[in-house]
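Report on one structure; see the data block that follows.
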2 protein chains.
Amino acid sequence: MTLTELRYIVAVARERHFGRAAASCFVSQPTLSVAVKKLEDELGVTLFERSAGDVSLTSTGERVVEQAQRVLEEVQVVKQLAEQGKDPLAGPLRLGIIYTISPYLLPCLIPALREVAPQMQLLLEENYTGRLAEMLKQGEIDAAIVAEPFFEGGVSTMQLYDEPFVVATPKGHPWEALPAIDSSQLAEENVLLLSPGNCFRDHVLQTCPDLNRESLPAGSLQRTLQGSSLTTIRHMVAGGIGVTVLPVTSVTPADDALLTIKPFSGETPTRRVILAWRKNFPRTAAIEAVRTAVLNSGLAGVTFLH
Amino acid sequence: MTLTELRYIVAVARERHFGRAAASCFVSQPTLSVAVKKLEDELGVTLFERSAGDVSLTSTGERVVEQAQRVLEEVQVVKQLAEQGKDPLAGPLRLGIIYTISPYLLPCLIPALREVAPQMQLLLEENYTGRLAEMLKQGEIDAAIVAEPFFEGGVSTMQLYDEPFVVATPKGHPWEALPAIDSSQLAEENVLLLSPGNCFRDHVLQTCPDLNRESLPAGSLQRTLQGSSLTTIRHMVAGGIGVTVLPVTSVTPADDALLTIKPFSGETPTRRVILAWRKNFPRTAAIEAVRTAVLNSGLAGVTFLH
DNA sequence: GGCAAAAATCGATTATACCGAAAACCGCCA
DNA sequence: TGGCGGTTTTCGGTATAATCGATTTTTGCC
């Protein structure tokens, strides 16, 4: 049984005439005639009573043709579904973003994305890099915005921007007098870090390897603060417990009242933020839209990488 | 789009593996792979994300596969309908019977038919020969039991039985003394006839052409009794209004009390009862079943024609 | 019996479905 | 970085099926 055959019998039932049915199907009369016979043979029933005058349906034929129409309608729905899914920007894009980027990028990204692809919905997932990588491979999300290093099989990546780090101290801290802080100076202070799993913690430790040494000053507060967010850490710094390193995008004008923000001297530590997606993810236009939106986001303090 | 392709994508979605899907469809893996790609091209969307590890569905793919399953289910229904319609005895047979046969044949025919084809339902239509012929050509009925003459284009016929006619007189009628009645004698009496349209009326007139002459006896009751049935006529004869001619099957034991039944002398007038059906009617087995049932009906007084 | 209309059949051509073999791809691992 | 195993895709060749125009058969009608 083929869909063509079903279309033929529906046409014959509609036209009640093999010749006209053939014409309406844009095939020759023998073609249609043979196809109908073939279907009748396959089903083992006579669908039409042929006579010179007119063609009429057997009772089985009536039922079968009606059902054939239903099949063809369902086939139309398949085509409609495909048509709807054709626009790669149409469906929702499941986008993962790490904790230390999400709250600062999204307010800029969402409006920019609305400009680039108004019809595209975002389903957002905020998580650690490792978990996002896993979700990406499992197909639980389609793409992710993370920071390098990021290597995963079956995943393509694209650079978005480089983000410099800055030092945050409490108001009245001795470093306030300095124009810039050298990364080696951090070892002298209690540096508040995010909990393990946050890639930004690793970035900071990489920036200042001394922080990672075994022998820490006795009674040092320089320890991980489990479950903390950058906002929490910022409040702790403001409270005078220590200093910290922040990605520049996380610094808001509201921080001025509580903290002193200083740049690094020498080579500024940065993290490279990238967009990652499953290599096989078919809606490349959606990926491109996210990239464009990030570049157009006007995110302050970063170097966009085109 | 073909049903095969739909089966393939459903299999791939089920197995999440092209090779296994191909095996479950009993085709080679390249065959399935090409078919899936062809469908994807036709629909203009990617249905599956292929990677070495595993195959996953795109969101459009999920919807399309689900719909494809629905199509295949509907196709199954087509097959089921055909299967149900396969038994030519299964569906109801729409059988027309003329008024002067139906009440007398059916009581014998129905049980006999139940013997021959227990699963076959009868939809009965009682009407005049002319109307039955029309319905037969229109496909409103499938077959008809009528009396000759019966010529219709596109209709096949088959002899069933010859039915002799008899004369019915009131009790105490002078003819009671005679062993048999000659058809010419009928002209002497008031002969009650069915209304025009009943073929049996024509049979009687043919039997005794004198009845049809222009000059009827003054005040004669020998006229058509509009809308009468044989039963009504029988009661009128019993009431002494005249005599009539009956087909032998219409004579019941109950008539003995009211009527005197006499055979014809000489060549007995008869009517030939036949089975007619559209030449293209496909369920020949159903026709044959009716014929067999009639021959097995044990209808009294007739000569079955094998 | 001949005619006209319709469907079935025939012979030839074309398209397609399918296969096995080979190639390309990809993640993985040393 | 270069094999390796597993997977999908590509490639030729072949058998099947679809289709067509021409012809024949069927059937109702005069």
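By convention in this document, chain letters (A, B, ...) are assigned in the order of the sequence lines, proteins followed by strands, and residues within each chain are numbered from 1. Keep in mind that this is a model prediction, so the values were computed, not measured.
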Quick note, side chain to side chain donor-acceptor pair (under 3.5 Å) partners involving residues 22-39 of chain B, not counting sequence neighbours, are B/Glu5-B/Lys38, B/Ser28-B/Thr31
- Message: Please tell me if B/Tyr8 has a side-chain N or O lying less than 4.0 Å from either OP1 or OP2 of C/dC18.
- Response: yes
Taken in chain and number order and not counting sequence neighbours, the residues that satisfy side chain to side chain donor-acceptor pair (under 3.5 Å) with A/Glu42 are none
Within the sub-3.5 Å range, which N or O atoms of nucleotides 28-30 of chain C have a protein N or O partner, and how far apart are they?
none

Residues at least two apart in sequence or cross-chain that pass side chain to side chain donor-acceptor pair (under 3.5 Å) with B/Glu62, listed by chain then number, are none
In whole angstroms, the gap separating P of D/dA18 from CG of A/Leu3 amounts to 13 Å
Name the pairs: protein N/O against N/O of nucleotides 11-13 of chain C, kept only if under 3.5 Å.
none

With sequence neighbours left out, the residues meeting salt bridge (charged side-chain N to carboxylate O under 4.0 Å, His left out) with B/Glu73 are none
Sorted by chain and number, sequence neighbours left out, side chain to side chain donor-acceptor pair (under 3.5 Å) with B/Asp202 holds for none
Contacts of B/Glu40 and B/Val155 projected onto DNA chain D by closest heavy atom; the upstream (5') one is B/Glu40
Sequence neighbours excluded, the answer for salt bridge (charged side-chain N to carboxylate O under 4.0 Å, His left out) partners of B/Glu125 is none
Those residues at least two apart in sequence (or on a different chain) that pass side chain to side chain donor-acceptor pair (under 3.5 Å) with A/Glu288 are A/Arg291
Taken to the nearest whole Å, CZ/B/Arg20 to C1'/D/dT7 is 11 Å
Residues passing the salt bridge (charged side-chain N to carboxylate O under 4.0 Å, His left out) test with A/Arg14, sequence neighbours excluded, are none
Smallest heavy-atom separation, A/Ile274 atom then A/Leu160 atom, equals C-CD1, 3.7 Å
Computed from five pairs at either end and rounded to 10 degrees, the angle between the axes of the helix from C/dG1-D/dC30 to C/dA30-D/dT1 is 20°
Write down the protein N/O and nucleotide N/O pairs, taken from nucleotides 19-24 of chain C, whose separation is under 3.5 Å; answer none if there are no such pairs.
residue, atom, partner, partner atom, Å
C/dC19, OP2, B/Ser28, N, 2.6
C/dC19, OP2, B/Ser28, OG, 3.0
C/dC19, OP2, B/Thr31, OG1, 2.6

